[in-house]
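Below: one structure, written as C-alpha cells.
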Amino acid sequence: MRLYKLFFLCFIGISLVSFKPIENTNTSIYFASDKQQLETLIRKTYEWIETKSTKTDFDVVANKKGDKYIGLNIKAHNKRLEELKKSNFFAQQFIDNYNKIGLKINDNLKTNKMEYFVDDLPPYGNDSNYWCDCQDNPEGYWKTLKLNNLKIENNKATFYWTWIEWKETPHYNVTAVKENGIWKIAALDGLNYKSFLGL
C-alpha cells in the first residue's frame, strides 16, 4: 500500500513539472463557448429585431400643418427603450446610447438645428437600415450570420458580422460586454452616436 502511495505521489509530481500552465500573453484568446454564445446572441437579436420587435425607432411628431417634424414622440421613445431592455439582448451601455441619440434628435428638431420635412429622408443616419447597415437583405439572414475577427479582452468582445447568402454583405461592427456573466450587445456600428447624428 505504501509503495502504491509513493508511486501515486511521484506521478503527481512529474505531472505538475511536465505540464506547466501556459502563460496567456495574448488577451485576445477566448474559449470556444464564448464565440458560440456571441454567435447565438447576435442571431437571436436579429431574429428578434426582424420578427418580434415593433421597429419603432426614433418616432417623430409633425407640426400642425403636417409638413415638418418638430420633435421626438417621447412616449413612443420610452416604450421602445423598455422594449429593448426587456429583450435582454442589450447592455445598459447600449440602452443609454440609444436614449441619448433620441433625446438629441428631439432637441435638434425643437431648436431647428435639424430640419426634417415630411416625406423626406431623415437628416440623421445614413439612408440605410441602421440595425444592419443595409437597404435589402436575404430572407432569414440572421440564421447564418457569421462572426469575424473576434477579439475578447476583460469581458469585452469586438467583432464584425457578415451573412453568407449573398456576395455583397455588410461588414457590421459590434461590441458586446458581459453583464452578470451573460454576453449582451453594448454597441452597434449603425447606432454610433456621433456618426448617426453627423457630429
Identify the two heavy atoms, one from Phe90 and one from Lys184, that lie closest to each other, and give their separation to 0.1 Å. O-CD, 3.8 Å
Mind checking whether Cys134 and Ser128 have side chains closer than 4.5 Å, heavy atoms only? no
Do Ile152 and Tyr160 belong together in a cluster built from hydrophobic side chains that touch within less than 4.5 Å? no
Between Asn63 and Asp67, is there a donor-acceptor pair closer than 3.5 Å when you use the side chain of the first and the backbone of the second? yes
If you measure from CD on Glu115 to CG on Asp120, what distance do you get to the nearest 0.5 Å? 10.0 Å
I'd like to know if the side chain of Asn154 reaches the main chain of Lys156, judged simply by a donor and an acceptor atom lying under 3.5 Å from each other, with no hydrogens or angles considered. no
Within a strict 4.5 Å, meaning less than it, do heavy atoms of the Leu109 and Val60 side chains meet? yes
Reported NZ-to-CG distance for the pair Lys178 and Asn155, which is rounded to 0.5 angstrom: 5.5 Å
So, do Leu150 and Asp34 sit near enough that their side-chain heavy atoms are less than 4.5 Å apart? no
Contact between Leu84 and Phe94 at the side-chain level, heavy atoms closer than 4.5 Å - yes or no? yes
Testing Asn137, Asp57, Asp189 for side chain to side chain donor-acceptor pair (under 3.5 Å) with Trp131, which one passes? Asp57
On a heavy-atom basis, the closest approach of Leu145 and Arg43 is O-NH2, 3.0 Å
Assert yes or no for the condition that the ring centre distance of Tyr46 to Trp161 is strictly below 6.0 Å. yes
Decide whether Leu147 and Val177 are clustered together by the hydrophobic rule: side chain heavy atoms of Ile, Leu, Val, Met, Phe, Trp, Tyr closer than 4.5 Å, transitively. no
Would you indicate whether the side-chain heavy atoms of Asp107 and Leu103 approach each other to under 4.5 Å? no
Just so I know, are the side chains of Lys104 and Tyr193 near enough to count as touching, which here means a heavy-atom distance under 4.5 Å? yes
Step by step, work out the side-chain contact (heavy atoms from CB on, under 4.5 Å) result for Thr54 and Arg80. CA-CA 8 Å; Thr54 61; Arg80 182 60 165 162; 3.8 Å; yes
Contact check, side chains of Asn148 and Phe159, non-hydrogen atoms, under 4.5 Å: no
Between Thr169 (side chain only) and Trp163 (backbone N and O only), is there a donor and an acceptor less than 3.5 Å apart? yes
Give the minimum heavy-atom separation between Glu165 and Gly140, together with the two atoms involved. OE2-O, 4.2 Å
Step by step, would you call Thr158 with Asn173 a side-chain contact (heavy atoms from CB on, under 4.5 Å)? CA-CA 7 Å; Thr158 58; Asn173 295 312; over 6 Å; no
Check whether any side-chain N or O of Glu83 sits under 3.5 Å from a backbone N or O of Ser53 as a donor-acceptor pair, and report yes or no. no
Using ring centroids (six-membered ring only for Trp), state whether Tyr116 and Phe58 fall under 6.0 Å. no
Does the plane of the ring in Tyr130 sit parallel, tilted or perpendicular to the ring in Phe196? Use 30° and 60° as the thresholds. perpendicular
SB check Glu50 Lys55 (cutoff 4.0 Å): yes
Assess whether a salt bridge exists between Glu82 and Lys79, defined as any Lys/Arg side-chain N lying under 4.0 Å from an Asp/Glu carboxylate O. no
Leu38 and Ala157: which non-hydrogen atoms are nearest, and at how many Å? CD1-CB, 3.7 Å
With clusters defined by side-chain heavy atoms of hydrophobic residues (ILVMFWY) lying less than 4.5 Å apart, directly or transitively, does Leu188 cluster with Ile182? no
What are the two closest non-hydrogen atoms of Tyr141 and Cys132, and how far apart are they? OH-CB, 4.3 Å
Is it possible for you to say whether Tyr124 and Phe117 belong to one hydrophobic cluster, with membership spreading through side-chain heavy-atom contacts below 4.5 Å? no
Given side-chain contact (heavy atoms from CB on, under 4.5 Å), test Asp96 with Gln92 step by step and report yes or no. CA-CA 6 Å; Asp96 292 343; Gln92 190 59 48; 2.8 Å; yes
Output yes when a side-chain donor or acceptor of Asn97 lies under 3.5 Å from a complementary backbone atom of Leu191, and no otherwise. yes
Look at the side-chain heavy atoms of Ile, Leu, Val, Met, Phe, Trp and Tyr, link any pair under 4.5 Å apart, and say whether Tyr172 and Trp166 land in one connected group. yes
Salt-bridged, Asp119 to Lys68, with N to O below 4.0 Å? no
Looking only at heavy atoms, what is the nearest atom pair of Lys110 and Ile70, with distance? CG-O, 3.4 Å
Applying side chain to side chain contact (heavy atoms under 4.5 Å, CB included) between His77 and each of Ile105, Ile101, Leu72, Asp59, report the one that passes. Leu72
